[in-house]
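Order of appearance sets the numbers: ligands from 1, and atoms from 1 within every ligand.
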Amino acid sequence: MSLLSILTFPDPRLRTKAQPVATVDSAIRALVDDMLETMYEAPGIGLAANQVNVAKQVIVIDVSEARNEPQVFINPCIEVSGPRVETEEGCLSVPGFYEPVTRRERVQVEALDQQGKPFQLEAEGLLSVCIQHECDHLQGRLFVDHLSNLKRTRIRSKLSKQHART
Ligand code: GNR
Ligand code: NI
């Protein structure tokens, strides 16, 4: 297992669309293990492969209090439903910024697990928000894209300056 480095907005590589995984083989399982280790260490409640510069449709999530319920979604397909709800979101690729984002309350997911086995899941609450946030990443979208141009520009300029100093 190894820690992966997380790309930071406005890195253009975060805009790369992830491609479907053809076969869930040992290399993909190793990627999942590294992503879980990286997510727990960060710490975060989710991580998408494009955040660690791998353009594959792989997501890991753990929204449990005890941080011991990892969930893996490979090639996820989602359908959103229900009313719009606003949640304060953050992102490991947008460190230090938390802003309200409006999304749909429920999500139905079809995906493959770490063994390559198909499964379905219905979620609401934080898990639903996190799944929608991670599926945005796989499309090259970030939570800042849901904010006003003014807010996004301010965040971009602050993070660019920070990056220039490190
Ligand atoms: O750790 C994270 N917290 C979070 C809080 C509210 C809504 C979404 C998230 S996901 C984020 C980790 C991350 O950046 N995943 O892509
Ligand atoms: Ni994120």
Side-chain angles (χ1 to χ4, degrees), residues 2-21 28 31-78 80-109 111 113-114 121-148 151-152 154-156 158-160 162-163:
S2 41
L3 280 179
L4 307 170
S5 69
I6 298 174
L7 301 175
T8 303
F9 176 71
D11 192 310
R13 291 170 292 181
L14 287 166
R15 299 305 188 179
T16 308
K17 281 196 174 71
Q19 298 303 310
V21 171
I28 294 293
L31 170 66
V32 166
D33 286 340
D34 289 346
M35 285 174 62
L36 282 168
E37 187 185 2
T38 304
M39 175 190 74
Y40 286 124
E41 200 268 343
I45 60 170
L47 189 69
N50 355 25
Q51 292 181 275
V52 294
N53 201 24
V54 176
K56 294 189 160 86
Q57 293 179 11
V58 178
I59 291 169
V60 297
I61 291 179
D62 190 337
V63 293
S64 73
E65 198 84 14
R67 317 275 301 143
N68 60 358
E69 292 170 36
Q71 289 181 288
V72 177
F73 302 83
I74 297 169
N75 301 345
C77 271
I78 62 168
V80 296
S81 61
R84 283 165 178 80
V85 286
E86 198 181 67
T87 312
E88 191 98 337
E89 293 197 21
C91 180
L92 294 172
S93 296
V94 191
F97 294 89
Y98 300 86
E99 296 288 345
V101 175
T102 303
R103 298 188 188 272
R104 301 287 287 275
E105 184 177 58
R106 303 185 65 78
V107 67
Q108 282 196 53
V109 199
D113 67 16
Q114 200 171 352
L121 179 147
E122 215 175 292
E124 52 180 52
L126 187 57
L127 180 57
S128 171
V129 171
C130 193
I131 290 169
Q132 293 178 62
H133 175 114
E134 304 310 339
C135 285
D136 266 4
H137 275 301
L138 295 184
Q139 299 293 320
R141 281 194 304 261
L142 300 170
F143 89 91
V144 296
D145 301 341
H146 296 271
L147 309 178
S148 67
K151 272 192 182 171
R152 185 169 52 258
R154 281 183 176 156
I155 293 173
R156 182 190 296 116
K158 283 182 187 164
L159 286 174
S160 300
Q162 238 172 288
H163 200 78

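Not a single donor-acceptor pair under 3.5 Å links the side chain of S93 to the backbone N or O of F9. Remark: side-chain polar atoms of E37 are paired, donor with acceptor, to backbone N or O of S2 under 3.5 angstrom. Of the possible polar contacts, one joining the D62 side chain to the E69 backbone as a donor-acceptor pair under 3.5 Å is found.
Residues P76 and Q57 are in side-chain contact: their nearest non-hydrogen atoms beyond the backbone lie under 4.5 Å apart.
Taking every heavy atom of E89 and a limit of under 4.0 angstrom, the matching atoms of ligand 1 come to 6 (C), 7 (C). When each atom of ligand 1 is checked for a heavy atom of C91 under 4.0 Å away, the hits are 14 (O). In summary, the atoms of ligand 1 found under 4.0 Å from a heavy atom of G44, numbered by their order in the structure, are 1 (O). For ligand 1 and E88, the ligand atoms under 4.0 Å from any heavy atom of the residue are 6 (C). With ligand atoms numbered from 1 in the order given, ligand 1 contributes 16 (O) to contacts under 4.0 Å with heavy atoms of H137. Shown in contact with G90 at under 4.0 Å from a heavy atom are these atoms of ligand 1, numbered in order with element: 4 (C), 5 (C), 6 (C), 8 (C), 9 (C), 10 (S), 11 (C). Remark: ligand 1 atoms within the under-4.0 Å shell around heavy atoms of Q51 are 14 (O), 15 (N), 16 (O). Ligand-side atoms of ligand 1 in range of E134: 10 (S), 13 (C), 15 (N), 16 (O), range being under 4.0 angstrom from any heavy atom.
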Given the rule in the side chain to side chain donor-acceptor pair (under 3.5 Å) test, do D136 and H146 qualify, once you have shown the distances and angles that lead to the verdict?
-> CA-CA 11 Å; D136 266 4; H146 296 271; 2.8 Å; yes
Could you please spell out the steps behind the side-chain contact (heavy atoms from CB on, under 4.5 Å) verdict for R106 and V80?
-> CA-CA 6 Å; R106 303 185 65 78; V80 296; over 6 Å; no
Checking side-chain contact (heavy atoms from CB on, under 4.5 Å) for the pair L4/L47: CA distance, chi angles, key distance, verdict?
-> CA-CA 11 Å; L4 307 170; L47 189 69; 5.7 Å; no
Report the C-alpha distance between S128 and R103 in whole Å, list the side-chain angles of each, state the deciding distance to 0.1 Å, and finish with yes or no for side-chain contact (heavy atoms from CB on, under 4.5 Å).
-> CA-CA 9 Å; S128 171; R103 298 188 188 272; over 6 Å; no
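The shortest N or O to N or O distance between S93 and ligand 1 is not below 3.5 Å. The shortest N or O to N or O distance between C130 and ligand 1 is not below 3.5 Å.
In this structure, atom 12 (C) of ligand 1 lies nearest to the protein heavy atom G46 O, 3.2 Å.
Heavy-atom proximity to atom 3 (N) of ligand 1, evaluated over I45, I131, L92, is greatest for I45.
For C91 atom SG and H133 atom NE2, the angle they make at the Ni ion (ligand 2) is roughly 110°, to 10 degrees.
The two residues I74 and D113 make their nearest non-hydrogen contact at CD1-O, 3.5 Å.
Using a 4.0 Å cut-off between heavy atoms, M39 makes no contact with ligand 1 at all. With a 4.0 Å cut-off on non-hydrogen atoms, H133 touches ligand 1 through its side chain and not its backbone.
No option in K151, R156, R15 other than R15 meets the salt bridge (charged side-chain N to carboxylate O under 4.0 Å, His left out) test with D145.
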